[in-house]
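If you scroll down you'll find the structure; I have some questions about it.
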Amino acid sequence: MRQAQAKRGSTPVGFMAELEAVGAASVIYLRLWCDGPDGQASVSDDLAMGLGLDRGEKAFQSFADLCRLCAQHGRRPLMRHAINCKCLGADEACFANFIETATQGEQEDAMLIATLMVRADVAPMVTSLAAEVGNALSHMNLRAPQSFDGNAPAFYPASTTLH
């Protein structure tokens with residue numbers, strides 16, 4: 001049963017190009033983060049480049065804490081697609097919507113979305129982190145990568161999950 005639920009989390013529900021900048025960046029960073037140390041270094045470097053060293057490090061730490069809490073206290077592992085995949089998985093869409101909602105200051109709605117991903121007692125912490133991450137991303141000059149413009153070759157979802 002848990003495996004079937006996890007697979008539903010990777011079901012394509014849209015395309016990366018349909019996301020707003022903060023949502024797209026949060027999904028790309030989630031994908032990179034899940035790829036391991038090299039991907040995590042890329043997230044750190046990108047945030048430092050877009051926000052400056054101090055603000056970038058703070059944003060990176062908030063994102064790292066957010067991912068760690070989602071992994072440790074998640075209702076199930078978050079499924080994701082490969083880094084260059086133009087599809088948007090169900091879990092990724094939820095993650096993007098969560099960050100965007102928290103960024104807009106809609107705390108109650110963000111907390112409700114958080115409870116879809118993590119235990120209820122952890123929801124306030126991840127909501128606060130999501131707002132910090134989203135606010136940092138909103139201060140960057142974000143644009144969708146060319147690989148998500150609809151002309152990229154199709155990729156298949158990655159079989160790995162966030163943990």
Item to complete: Please round to the nearest 0.5 Å and tell me the distance separating atom OG of S138 and atom CD of E100.
Response: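 Rounded to the nearest 0.5 Å, the OG-CD separation comes to 11.0 Å.
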Fill in: Nearest heavy atoms of C70 and L78, plus distance in Å
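Scanning both residues, the minimum pair turns out to be CB-CD1, 4.2 Å.
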Item to complete: Could you list all the salt bridge (charged side-chain N to carboxylate O under 4.0 Å, His left out) pairs where at least one residue sits in residues 116-141, not counting sequence neighbours?
Response: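 Salt bridge (charged side-chain N to carboxylate O under 4.0 Å, His left out) check on residues 116-141 returns R119-D121.
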Discussion item. Hydrophobic cluster membership, with links at side-chain heavy-atom distances under 4.5 Å among I/L/V/M/F/W/Y: are L69 and F60 in one?
Written reply: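 The answer is yes; both residues are in one hydrophobic cluster.
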Practice prompt. Would you indicate whether the side-chain heavy atoms of L30 and C34 approach each other to under 4.5 Å?
Written response: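 Result yes, sub-4.5 Å side-chain heavy-atom pair found.
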Discussion item. Quick check for you: to the nearest 0.5 Å, what is the distance between M140 atom CE and L51 atom CG?
Written reply: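 Between atom CE of M140 and atom CG of L51 there are 5.0 Å.
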Worksheet item: Hey, does V122 have a side-chain heavy atom less than 4.5 Å from the side chain of M125?
Response: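 Yes, close enough: below the 4.5 Å cut-off.
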Worksheet item: Mind checking whether R31 and V27 have side chains closer than 4.5 Å, heavy atoms only?
Response: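 Of all side-chain heavy-atom pairs linking V27 with R31, at least one is under 4.5 Å.
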Practice prompt. Indicate the atoms forming the closest heavy-atom contact of F98 with A114, along with that distance.
Written response: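 Taking F98 first and A114 second, the nearest heavy atoms are CE1-CB, 3.6 Å.
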Worksheet item: For the residue pair G23 and A96, what are the closest heavy atoms and their distance?
Response: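 Smallest interatomic distance, heavy atoms only, reads O-CB, 3.7 Å.
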Practice prompt. Let me see the working for F63 and L129 under side chain to side chain contact (heavy atoms under 4.5 Å, CB included), right down to the final yes or no.
Written response: CA-CA 7 Å; F63 189 77; L129 290 166; over 6 Å; no
Worksheet item: Rounded to the nearest 0.5 Å, what separation is found between the CZ atom of R76 and the CE atom of M117?
Response: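 Reported to 0.5 Å precision, the distance equals 10.5 Å.
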Discussion item. Test of understanding: clusters of I, L, V, M, F, W, Y form through side-chain heavy atoms closer than 4.5 Å, transitively. Do M111 and I113 belong to the same one?
Written reply: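 No; I113 is not reachable from M111 via cluster members.
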Item to complete: Can you measure from SG (C87) to CZ (R80) and round to the nearest 0.5 angstrom?
Response: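 Going from SG on C87 over to CZ on R80, the span is 14.5 Å.
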Discussion item. Is there a side-chain contact between H81 and L88 in this structure, where contact means two heavy atoms from C-beta onward sitting under 4.5 Å apart?
Written reply: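 No; the side chains remain at least 4.5 Å from each other.
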Worksheet item: Is it the case that more than 12 heavy atoms not belonging to E20 sit under 6.0 Å from its CD atom?
Response: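 No, CD of E20 has 12 or fewer neighbouring heavy atoms, counting only those of other groups under 6.0 Å.
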Worksheet entry | Audit row: V133, Y29, side chain to side chain contact (heavy atoms under 4.5 Å, CB included) steps and yes/no | CA-CA 11 Å; V133 169; Y29 287 164; 6.0 Å; no
Discussion item. Minimum heavy-atom separation for A102 and A130, please, with both atom names.
Written reply: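 Smallest heavy-atom distance, with atoms named: CB-CB, 3.8 Å.
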Worksheet item: Looking at side-chain heavy atoms only, is the closest gap between L66 and Q61 below 4.5 Å?
Response: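 Contact flag for L66/Q61 side chains = no.
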Worksheet item: How far apart are the closest heavy atoms of I99 and S26, and which atoms are they?
Response: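 Reported closest heavy-atom pair: CD1-CB, 3.9 Å.
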Discussion item. Any side-chain to backbone donor/acceptor pair from D46 onto S42? Under 3.5 Å, distance only.
Written reply: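 No, the answer is negative, given that no donor and acceptor are paired below the 3.5 Å cut-off.
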Worksheet item: Hey, does the side chain of Q104 reach the backbone of T101 with a donor-acceptor pair shorter than 3.5 angstrom?
Response: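 The answer is no, because no donor-acceptor pair under 3.5 Å joins these two groups.
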Worksheet item: Checking S128 side chain against P124 main chain: does a donor-acceptor pair fall under 3.5 Å?
Response: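 No, because the side chain of S128 does not come within donor-acceptor range (under 3.5 Å) of the backbone of P124.
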Fill in: Heavy-atom side-chain proximity of L32 to Q40 below 4.5 angstrom
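When only atoms from C-beta onward are counted, Q40 and L32 do not touch, as no gap falls below 4.5 Å.
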Worksheet item: Would you say L137 and L47 make side-chain contact, with heavy atoms under 4.5 Å?
Response: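 Side-chain contact under 4.5 Å: yes.
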Fill in: Residues Q107, T127; criterion side chain to side chain contact (heavy atoms under 4.5 Å, CB included); working and verdict
CA-CA 7 Å; Q107 290 299 103; T127 300; 3.7 Å; yes
Fill in: Step-by-step side chain to side chain contact (heavy atoms under 4.5 Å, CB included) determination, R75 to L116
CA-CA 7 Å; R75 296 191 172 276; L116 297 172; 5.9 Å; no
Practice prompt. Compare all side-chain heavy atoms of I28 with those of M16 and state whether any distance is below 4.5 angstrom.
Written response: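 They are in contact (side-chain heavy atoms under 4.5 Å apart), so the answer is yes.
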Fill in: Interatomic distance, I83 atom CD1 to W33 atom CH2 [nearest 0.5 angstrom]
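Going from the CD1 atom of I83 to the CH2 atom of W33 covers 13.5 Å.
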